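A short write-up of the structure that comes next.
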2 protein chains.
Amino acid sequence: MDLDRSSPVPLYYQVAERIESAITSHALPAGSRIENEIALSERLGISRPTIRRAIQEVVDKGLLVRRRGIGTQVVQGQVTRGLELTSLFDDLIRGGQVPTTELLSRETLPASAAVAEALAVPLGSDTLHLRRLRSADGVPVAVLDNVLPADYLDLDTAALQNYGLYQVLRSRGTTMRVARQRIGARRASADESELLELEDGAPVLTASRTVFDDSGRAVELGTHCYRPDLYSFDVTLVQK
Amino acid sequence: MDLDRSSPVPLYYQVAERIESAITSHALPAGSRIENEIALSERLGISRPTIRRAIQEVVDKGLLVRRRGIGTQVVQGQVTRGLELTSLFDDLIRGGQVPTTELLSRETLPASAAVAEALAVPLGSDTLHLRRLRSADGVPVAVLDNVLPADYLDLDTAALQNYGLYQVLRSRGTTMRVARQRIGARRASADESELLELEDGAPVLTASRTVFDDSGRAVELGTHCYRPDLYSFDVTLVQK
DNA sequence: GAGTGGTCTAGACCACCGC
DNA sequence: CGGTGGTCTAGACCACTCG
């Protein structure tokens, strides 16, 4: 038992990690039932509420399923097989290729009606518009358009060339907390197909996202388009 | 206060609903701070852990943000504005149009390697293959291909004509708990573009999903494609 | 009836924030 | 320093499932 009560890492988190790795390592095989809460609680010397929270963490990740009166079982299905064929981008990353980002343009523009509403800033107020091209292994993967409110007009251009946008924001003390995004598809525009090295009118996967910081204020409006042969989105849903 | 301690609806859920509706009705304006846990707990006569759980529910929906030492604030941004332009399908539904589903084909086939792995059934075992066309207001929206394991070979064809697949499964006693899905884009195939009334090679939005029941067993493998002008996916992410 | 998870309580101590 | 949320405890009672 590698539980450390003096660690700053919460107990429930340490327990959740142990359960999760027991599942992914198949020490707990798919479909098997895990120990009940009371037994776990006594065996680890931890109170039942803490054990419950640990288990709930793993349930929320879609790895466990619980039924009252029955028990807790491991969900079948390796998390990433079969469906994974499509995501060459992931393969590139796992193959050790670091994604790179090129800053294509940087402008300060007045907020349009749509931008003003999405960012909750005054209509016509200054906003920072960025256009970037993300590549992996020299292959262009996505065109990223971002709009940020006036507080960020002075973002460091050099930093944007070398680090991801979120990294730069975090180093300014901004902590992103909530993101709402809409995923869709459409034909690539002329400039997009050129940047992404696609035929004219080829399909692209799109995402529009608004990100909020830990005070609830909008930090960023992103409008991205991805090469669908190199990128896709994974989502896990748990019915509550 | 419309809290009902004798109701089967849990207290934390009743409280969470109240907070949520206070936010969506703008009784709690965006950016404002809500009462702290202790005050809420005393005012409602509910213990602090129960209040915490209620607040956490709303945080997980992306409507609240918490900071230690500061308090709990309402996230800005109406949940559905600006980004919503793309989703005509939602508009149809809200406009009172009920989606309809036509059963195009129904076959029993041996499981291929990919299907066997995704559903965790023996290679070559019987599986039920369905192809359906979903429409709203007479407009085709999606082509839905589904594969189900042998337990469901006897699904009622008439029911499938009249009710959604999930409705039929639920009436058999199956409760879906976890879904893992991958969202992407590609060109429509010839038959897809004909069914969806699109030009040849037009973009479609795709989703591949595996659904598991409350015992952790795979229930369904879905491979769907959507008209991107009529459908998109909304996702809310909360950093933990 | 025995075993399971689901809910709720009353209280404790701590870490972090701003004044 | 006082106020906030984050963690943890010990125990209670209930609802559900199964044999």
Side-chain angles (χ1 to χ4, degrees), chain A residues 3-17 19 32-60 63-75 173-175 177-178 213-216 238-240, chain B residues 3-17 19 32-60 63-75 173-175 177-178 213-216 238-240:
Chain A
L3 292 180
D4 179 1
R5 297 190 92 98
S6 68
S7 159
V9 177
L11 272 179
Y12 74 85
Y13 191 87
Q14 296 183 41
V15 174
E17 272 187 324
I19 297 174
S32 65
R33 257 185 43 189
I34 75 169
E35 261 180 296
N36 70 51
E37 299 175 349
I38 313 286
L40 254 177
S41 152
E42 284 170 358
R43 188 163 66 80
L44 300 180
I46 294 177
S47 73
R48 189 183 161 208
T50 301
I51 292 291
R52 274 184 68 75
R53 170 144 192 203
I55 294 175
Q56 193 56 48
E57 292 275 318
V58 188
V59 169
D60 289 343
L63 298 177
L64 289 176
V65 161
R66 318 195 77 185
R67 277 182 296 172
R68 173 156 42 185
I70 305 284
T72 303
Q73 286 174 287
V74 179
V75 173
T174 301
T175 53
R177 269 296 171 70
V178 178
D213 66 12
D214 58 4
S215 76
V238 177
Q239 201 202 39
K240 295 198 176 178
Chain B
L3 292 179
D4 179 1
R5 297 191 91 98
S6 68
S7 158
V9 177
L11 273 179
Y12 74 84
Y13 191 86
Q14 297 182 40
V15 175
E17 272 186 325
I19 297 174
S32 65
R33 256 183 47 187
I34 75 170
E35 261 180 296
N36 70 51
E37 298 174 350
I38 313 285
L40 254 178
S41 152
E42 284 169 359
R43 188 163 66 81
L44 299 180
I46 294 177
S47 73
R48 187 182 163 208
T50 302
I51 292 290
R52 275 185 67 76
R53 172 146 188 200
I55 294 175
Q56 193 56 48
E57 293 274 319
V58 189
V59 169
D60 289 343
L63 298 177
L64 288 176
V65 163
R66 317 196 79 187
R67 277 182 296 173
R68 170 153 48 183
I70 304 283
T72 303
Q73 285 174 285
V74 179
V75 173
T174 301
T175 54
R177 269 296 172 68
V178 178
D213 66 12
D214 58 4
S215 76
V238 177
Q239 202 202 39
K240 297 197 175 177

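Predicted, not measured: the structure shown is a model, and the values here were computed from it. In what follows, chains carry the letters A, B, and so on, assigned in the order in which the sequence lines appear, proteins first and then strands, with residues in each chain numbered from 1.
- Contact annotation: the side chain of A:I19 approaches that of A:L64 to within less than 4.5 Å [non-hydrogen atoms, C-beta and beyond].
- In this structure, B:E37 atom CD and D:dG3 atom C1' are separated by 12 Å, rounded to whole Å.
- To the nearest angstrom, C1' of C:dT7 lies 15 Å from CG of B:L3.
- Remark: C1' of C:dG6 and CD1 of A:I51 are 16 Å apart, rounded to the nearest angstrom.
- When each of A:S47 and B:I55 is assigned the nucleotide of DNA chain D with its nearest heavy atom, B:I55 is the one assigned upstream, toward the 5' end.
- Residues meeting the side-chain hydrogen bond (donor to acceptor under 3.5 Å, both in side chains) test with B:S41, sequence neighbours left out: none.
- At D:dT4, one or more side-chain N or O atoms of B:N36 fall inside 4.0 Å of OP1 or OP2 (strictly under the cut-off).
- Among the heavy atoms of the strands lying under 4.0 Å from A:I46 are primed sugar atoms or P, OP1, OP2 only; no base atom is included.
- By the salt bridge (Lys or Arg N to Asp or Glu O under 4.0 Å) test, B:R66 is found to be paired with B:E37, residues two or more places apart in sequence or in another chain being considered.
- As rounded to whole Å, 15 Å separates atom P of C:dG3 from atom CD of A:E35.
- In this structure, A:L11 reaches the sugar-phosphate backbone alone: every heavy-atom distance under 4.0 Å involves primed, P, OP1 or OP2 atoms, never a base.
- Taking B:T175 as the reference, B:D214 meet the side chain to side chain contact (heavy atoms under 4.5 Å, CB included) condition, with sequence neighbours excluded.
- Every residue meeting the side-chain hydrogen bond (donor to acceptor under 3.5 Å, both in side chains) condition with A:E35, not counting sequence neighbours, appears here in chain and number order: A:R43.
- The side chain of A:Y12 has D:dT7 as its nearest neighbour among D:dG5, D:dT7, C:dC8.
- Between the P atom of D:dA10 and the CZ atom of A:R53 lies a distance of 18 Å, rounded to the nearest Å.
- If you take CG of A:D214 and P of D:dT4, they are 18 Å apart, rounded to a whole angstrom.
- A straight line from CG of B:L44 to C1' of C:dA10 spans 17 Å, rounded to a whole angstrom.
- Legend: residues meeting side-chain hydrogen bond (donor to acceptor under 3.5 Å, both in side chains) with B:N36, ordered by chain and number and at least two apart, are absent.
- Protein atom CD1 of B:I34 is 15 Å distant from nucleotide atom C1' of D:dG3, rounded to whole Å.
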Under 4.0 Å protein heavy-atom contact, by nucleotide of nucleotides 11-19 of chain D - B base, S sugar-phosphate only: -B--BBSS-
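- Between B:T72 and D:dT4 there is no side-chain N or O to OP1 or OP2 distance below 4.0 Å.
- The side chain of A:T50 contributes no N or O atom lying less than 4.0 Å from OP1 or OP2 of D:dT7.
- Between B:I38 and B:R48, the closest side-chain pair of non-hydrogen atoms falls below 4.5 Å.
- Considering only side-chain N and O atoms, A:R52 lies nowhere under 4.0 angstrom from the phosphate OP1 or OP2 of D:dA10.
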